Peer 1: 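Provided herewith is a single structure, encoded as structure tokens, for subsequent inquiry.
These numbers come from a predicted model, not from an experiment. In what follows, every chain begins at residue 1, and chains take the letters A, B, ... in the order their sequences are listed.
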Amino acid sequence: MKFTTITKWEFKDTLSSRKSVMIFILQLSILLLMIVVFNSFVANMESEQGLSIAPSLSGFASVNVQDSSGLFQKRINTQVLDVTSSNYNSSLKKMQQGQSTGFLQVPDDTVNDIRTMKPVNLVLYVDYTDPKRSLVENEVNSTAKTMQDAISASWVGSLNPQNDSEPEFSQKSAGGAMPAQVMDRVMLAILLFLPLFLFGNMLVDSIVGEKERKTGEILIAMPISQAQVVLGKGMAVVLTIAIQVALWILILLIAGFQIKNLFLVYALVVLTSLPVVGITSAVSAYAKNYKEAGIVLSFIYIGIVGFLIIPAVAYVARKSMAANISSMTLVMRLLSGEPVAPVDYLPAILCIVIVGLLSYWIAVKLFQREDVSFGPRPGILKLLKDLVSLKF
Amino acid sequence: MKLMTLAGKEAQDILRNRIYILVVFVQVFIILGAFGLAFISSVATDPNIIDNYGLNSALKVGISQDLNGSTLAEDLKAQNLNLVYCKDMNKAESLVGRNFVAVVEVSPNQDVTLKMDNSNIFYPVVSTKVNNAVNEFKIEKSLGSAGFNDSEIQKVQNLVTLKVVNVDGSHASGIALESPNFVEIMYGFVVPFILLLPFFLAGNIVTDSIVGEKERKTFEILLMAPVSSSTVVVGKILPILGFSMLQSLVWILLLDLLRVPIYNMFALLFILFFVGLGFIGIGVIISMMVDSTKEANSAITIVLVFATFVLFMPLFTKVPYFGGILNFIPTVLMVKLASSPELNPVLLVESIPTIILSLCIFLVTLKYFRHERAIRL
């Protein structure tokens, strides 16, 4: 009897369970939601010239404006500000009642003032008890600056109508804006890596469940080594992840996403699932019950996600070769069509192999220990002591 | 009396559970992390704050040594950029992204080129400042060539002035960072996220509690006890809801300590109560439908993903057709309540759909709990 038999049993179990299939399908629907989120984030950022990933709630703050010329009011950014025409008395009353954050008063004779080159003195009344005051000040300031630039440009144009000696200004940028790059390049990689963390509960149930259902003894009595059992259970989950990743890629392609180096990307994502499944097996082999394993794994998964994402984001900011330790960096580079030298794969592959082997070894050793499987369970310190004295 | 006994037992179970207490502490780190990230990103992207905090040394811009003392160099200096004069501009260009955020080059016919590294964290600030300087430079040059003297040029450049009058300045709200970006991130996302975190946990606690009873085979005994099933549901829900509300209240106080004042606390807690009732109600319904903690956890995770989508997407997207509907989303109401010093009664009216939906979920919970097939005796 080999580990493949266990894999076949576990995999058949998953496919024959209606609830597992339902969860599998619901995960696909989560992907569809993520695609919507992704697209709206990108659209939002494009509208903000790629400068901001701040929320953009309409009517977050409000400002009243008294501007008979309409020159300033129509230039105020209404993305986050509610702009309403009003007069001095009514506006101040609204501010006192907390119905608006500010009031902009534009002088009545503005058009004439601009024509005769007289300064236009704007007054902005701001409710200082309102924390949104900086938002109103900033937006009104920007409007004043836009108007100042427009007036200056019009003056310059009227003085030198045929002036072609005005200096030209051009901006050459290396790479896109940081938030846009992160969204474009890292987010797609994150979507592809997401299934790796959705099947942990399957493995926990498969290993811890044997303890909880008291079926571990039967499994041990079978003509198969504990190592093969752990490996078999792990491989069933890797297989499920591989299918889910393939389906996600298919959906992303249908949704119009461009996935360059498809097979390499797929192979790297599935390969990364090996240490994730190995760590999950080790935690499950030690855990007393499902809940304990679930909580510990939540924290460990946060750490793994950080280990994968941080180097990828760091690579976007500064193309450091050290960032290749994360397979997500490589996937991100492959997705963007960047050439990846064979030597660049080395750190990530080494990391996957070392962590994978180590975690499976720990999982097998823990599974083989009677005190861990049937109790009384030894503490972490005792296990470490055994490890140091080679009694593990 | 029976209800209080049952609620007391549940409350003790929650407070004795080390994992729940650990998760509460984890939330503190999430709050501090979110606050720190919002603070740092706001400082790095706001030219005024960088000026006020004296962080301009990070805004390194390379410029040719030949331009030392020129009008453009003076305009760039006036924007508080850290100018570094370079002999070899080709070398300076190769250092963009490492030593310099940007380099400014001027051609013999006075055309200005800005070369910059967009992935640098300070690029928006440097881009804004250089643009401002170049605009002023262009205007000065054009007006100068038209025969304007310095004072006339100054006059044209200051045709629009803005005077800010502080109303009620003596009662100014103390905010940790006077930055529009910080205010938007904190109130527009972090505050509702933090206040809802305990209710995400509540969904898990309720499934643990009910499915745990099923797994330990004590659920049947509980239902055999001489108490109505409504009492059992309420007895289980009440302490979980209270535990979550208490956490939210503590997070409000913590945010106040961090100088992110949260207004209309009671109205916020009122909305949170009904949102929590809805979450916990869904948790109970899930618990009735599943057989094991594994199934319950999977189902609650999926529900939370959908809930996150419905609750937080409106904060980041603009859908003009659904603008009216979005005003009723609890997170949108929470953003407006938490950031407004005065209570706007319209917001309470807009919370009615949330209340109705939560009460409906709660009624379904009560009905489903009594259902024999759900109990599976």
Side-chain angles (χ1 to χ4, degrees), chain A residues 19 23 26 30 33 37 40 44 51 54-58 60 95 97-98 119-132 134-135 137-138 141 144 147-149 151-152 155-156 159-160 163 166-178 181 201 205 290-291 294-295 316-317, chain B residues 19 96-97 110-119 124 134-135 138-139 141-143 146 156-169 171-173 175 178-181 183-185 188-189 208 261 293-295 297-298 302 305 309 313 315-318 323 335 339-342:
Chain A
K19 279 173 187 164
I23 288 167
L26 281 171
I30 287 174
L33 285 183
V37 173
S40 42
N44 188 33
L51 294 179
S56 53
L57 187 62
S58 304
F60 179 52
M95 275 167 67
Q97 289 169 343
V120 178
N121 300 315
L122 309 175
V123 183
L124 174 67
Y125 297 87
V126 184
D127 177 5
Y128 258 57
T129 60
D130 194 327
K132 301 184 293 284
S134 56
L135 199 72
E137 273 189 51
N138 183 59
N141 227 328
M147 271 306 288
Q148 167 67 58
D149 290 346
I151 296 168
S152 302
W155 261 95
V156 169
L159 287 169
N160 304 322
N163 185 3
E166 191 181 299
E168 291 290 325
F169 175 61
S170 60
Q171 189 167 323
K172 291 178 185 167
S173 306
M178 177 72 171
Q181 282 198 55
N201 63 340
D205 185 56
Y290 184 88
K291 200 161 81 180
I295 297 280
V316 174
Chain B
I19 291 168
V96 171
Q110 297 284 290
D111 290 340
V112 183
T113 307
L114 171 68
K115 290 177 181 166
M116 65 188 310
D117 173 24
N118 271 7
S119 59
V134 171
N135 270 345
K138 281 162 75 174
I139 291 165
K141 200 168 175 300
S142 299
L143 293 175
V156 173
Q157 283 182 318
N158 292 295
L159 275 177
V160 179
T161 64
L162 178 68
K163 182 184 166 195
V164 179
V165 177
N166 303 346
V167 177
D168 221 353
H171 297 101
S173 62
I175 184 108
E178 205 64 56
S179 145
N181 203 32
V183 169
E184 270 188 277
I185 295 174
F189 172 64
D208 270 359
T293 313
K294 180 194 97 175
E295 286 173 13
N297 281 356
S298 304
I302 288 164
V305 170
F309 178 78
M313 272 307 286
L315 302 179
F316 289 92
T317 47
K318 285 185 176 64
V335 168
S339 62
S340 307
E342 302 291 331

Peer 1: Between A:D127 and A:T129, do the side chains contain an N or O donor and an N or O acceptor separated by less than 3.5 Å?
Peer 2: yes

Peer 1: Side-chain contact test, heavy atoms from C-beta onward, threshold under 4.5 Å: evaluate it for A:S134 versus B:S179 and give yes or no.
Peer 2: no

Peer 1: If you count heavy-atom pairs under 4.5 Å with chain A, which of B:V165, B:I139, B:V183 comes out on top?
Peer 2: B:V165

Peer 1: Do A:L122 and B:K163 have side chains that get closer than 4.5 Å, going by heavy atoms?
Peer 2: no

Peer 1: Count the heavy-atom pairs under 4.5 Å between each of A:I151, A:V123, A:D205, A:N138 and chain B, then report the option with the highest count.
Peer 2: A:D205

Peer 1: Given that the side chain runs from C-beta out, which part of A:N121 has a heavy atom under 4.5 Å from chain B: side chain, backbone, both or neither?
Peer 2: both

Peer 1: Are side-chain heavy atoms of B:S340 and A:K132 found at a separation under 4.5 Å?
Peer 2: yes

Peer 1: Considering only heavy atoms and a distance below 4.5 Å, find which of B:I175, B:N135, B:I302 pairs most often with chain A.
Peer 2: B:I302

Peer 1: Examine whether an atom of A:D149 lies under 4.5 Å from a heavy atom of chain B, and if so say whether it belongs to the side chain, the backbone or both; otherwise answer neither.
Peer 2: side chain

Peer 1: Which heavy atom in A:E137 sits nearest to a heavy atom in A:Y128, and how many Å separate them?
Peer 2: OE2-OH, 2.9 Å

